[in-house]
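Taking it in order: structure first as structure tokens, then the write-up.
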There are 2 protein chains.
Amino acid sequence: MVRIDDTDRKILIELQEDASRSLDEIAKAVGSSKTPVWNRIRKLREAGVIGPQTVRLDADALGFEACFFVLIRTSEHEAAWQRRFLAALKARPEVQEAHRLAGDIDYILKVRVRNARAYDAFYQALISEVKVHNVTALLSMEEIKSTTALPL
Amino acid sequence: MVRIDDTDRKILIELQEDASRSLDEIAKAVGSSKTPVWNRIRKLREAGVIGPQTVRLDADALGFEACFFVLIRTSEHEAAWQRRFLAALKARPEVQEAHRLAGDIDYILKVRVRNARAYDAFYQALISEVKVHNVTALLSMEEIKSTTALPL
DNA sequence: ATTGAAAGAACCAGTTT
DNA sequence: AAACTGGTTCTTTCAAT
């Protein structure tokens with residue numbers, strides 16, 4: 001865990017919100033000036049705190065109208081099985097999130113696809129690659145909120 | 001839904017991957033040149049296909065070590081209740097995702113906090129604001145994958 | 001931490017295919 | 001209608017104070 005002071009925090013908040021602004025604008029927003037802000041950003045990047053810069057695309061506008069949360073229970077817990085399972089998830093671009101869980105349910109996925117048929121294709125492909133015990137798919141009707149911003 | 005041609009798709013793929021690169025580099029990557037790419041990006045932005053530009057921060061490095069998926073069942077289905085519930089979710093920065101679901105479970109949340117205590121504080125605050133019937137929290141042990149990139 | 005300056009990128013108009 | 005050219009303006013980057 002990296003030590004971050006108040007100015008760093010402000011810079012990160014600004015960048016999370018809109019990374020397209022110029023150094024000058026960000027410096028003004030955090031109450032500092034160009035060079036010190038630039039040096040801090042460089043350090044935060046080197047430390048890996050600031051990762052890649054991306055654009056957020058409108059999923060609906062691009063025809064990705066279906067979003068599923070998939071709860072997975074498995075009976076297999078060997079290292080080899082897990083390795084294959086993780087590799088399969090990482091390789092599939094429709095899997096936007098994958099977490100290994102504590103407790104009853106072993107994994108949760110967030111899967112973004114064009115429609116229900118595309119989800120089924122994904123599901124069939126996945127279960128043919130690796131054996132899973134029980135799968136529950138939750139279909140999103142409405143995306144109330146979606147952000148990657150941390151509550152700094 | 002917006003009509004997108006092959007060049008637009010390539011541009012979006014590049015921007016999703018790394019939006020910090022210069023127009024020239026993106027143009028080269030998609031096999032075109034600066035001006036046409038610039039015009040296309042402008043149009044995609046105006047159409048809302050390209051949204052805000054953000055940086056991805058390292059949650060662990062910043063001390064956000066706990067991530068919960070929260071499954072919520074409610075007995076209330078009136079408009080007024082729902083309005084209050086949605087407003088509460090939108091207002092809470094630790095809620096990174098919130099979806100209204102089809103079926104048995106009514107809502108799913110992704111909640112990112114510093115530790116289990118912070119989750120409990122969030123949970124207590126939420127249920128004191130709005131009445132919910134049943135809440136299950138799934139604790140993430142390992143983030144296998146996390147991206148906002150669409151499978152273009 | 002500020003200034004300032006050189007290199008580079010974005011943006012836009014005019015022109016061409 | 002779409003792509004190239006070139007030039008103005010804004011940014012980034014970094015050295016010197």
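The structure displayed is predicted, hence computed values, not measured ones. Lettering follows sequence order; numbering is per chain, from 1.
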Using the rule given for side chain to side chain donor-acceptor pair (under 3.5 Å), can you reason through A:S20 versus A:D18, listing the C-alpha separation, both sets of side-chain angles and the distance that settles it, and then say yes or no? CA-CA 6 Å; A:S20 72; A:D18 180 1; 2.7 Å; yes
Flag, side chain of A:E129 to backbone of A:L126, donor-acceptor distance under 3.5 Å: no
Tell me: CD1 of B:I26 to C1' of C:dC11, nearest whole Å? 15 Å
Apply the test side chain to side chain contact (heavy atoms under 4.5 Å, CB included) to residues A:I50 and A:L44: give CA-CA distance (whole Å), side-chain angles for both, the deciding distance (0.1 Å), then the verdict. CA-CA 6 Å; A:I50 297 178; A:L44 289 165; 3.7 Å; yes
Look only at the side chain of A:R114 and the backbone of A:L62, and say whether a donor-acceptor pair between them is shorter than 3.5 Å. yes
Main-chain N/O of B:A149 paired to A:Q96 side chain as donor or acceptor, under 3.5 Å: yes
Given atom CZ of A:R42 and atom C1' of D:dA15, what is their separation to the nearest angstrom? 13 Å
Please produce a list of atom pairs where a protein N or O lies less than 3.5 Å from an N or O of nucleotides 15-17 of chain C.
none

Parallel under 30°, tilted from 30 to 60°, perpendicular over 60°: which one fits the rings of B:F122 and B:Y119? tilted
Given 3.5 Å as the limit, does a donor-acceptor pair link the side chain of A:Q16 with the main chain of B:V55, or not? no
Heavy-atom contacts, protein to nucleotides 4-10 of chain C, under 4.0 Å, summarised as B (base), S (sugar-phosphate only) or - (none) per nt, yield -B---SS
Only one of B:H99, B:R100, B:E97 passes side chain to side chain donor-acceptor pair (under 3.5 Å) with A:S140; say which it is. B:H99
Could you list by number each residue of residues 3-17 of chain B showing a heavy-atom separation from DNA chain C of less than 4.0 Å, or answer none if no residue does? none
Would you classify B:P36 as touching base, sugar-phosphate or nothing, given that sugar-phosphate means primed atoms plus P, OP1 and OP2, and contacts are heavy atoms under 4.0 Å? sugar-phosphate
Whole-Å distance, B:N39 CG to C:dC11 P, equals 11 Å
Does A:R42 make a cation-pi contact with A:W38, if we ask for NZ or CZ under 6.0 Å from the ring centre and within 45° of the axis? yes
Single-linkage hydrophobic cluster B:V135~B:L71, side-chain heavy atoms < 4.5 angstrom: no
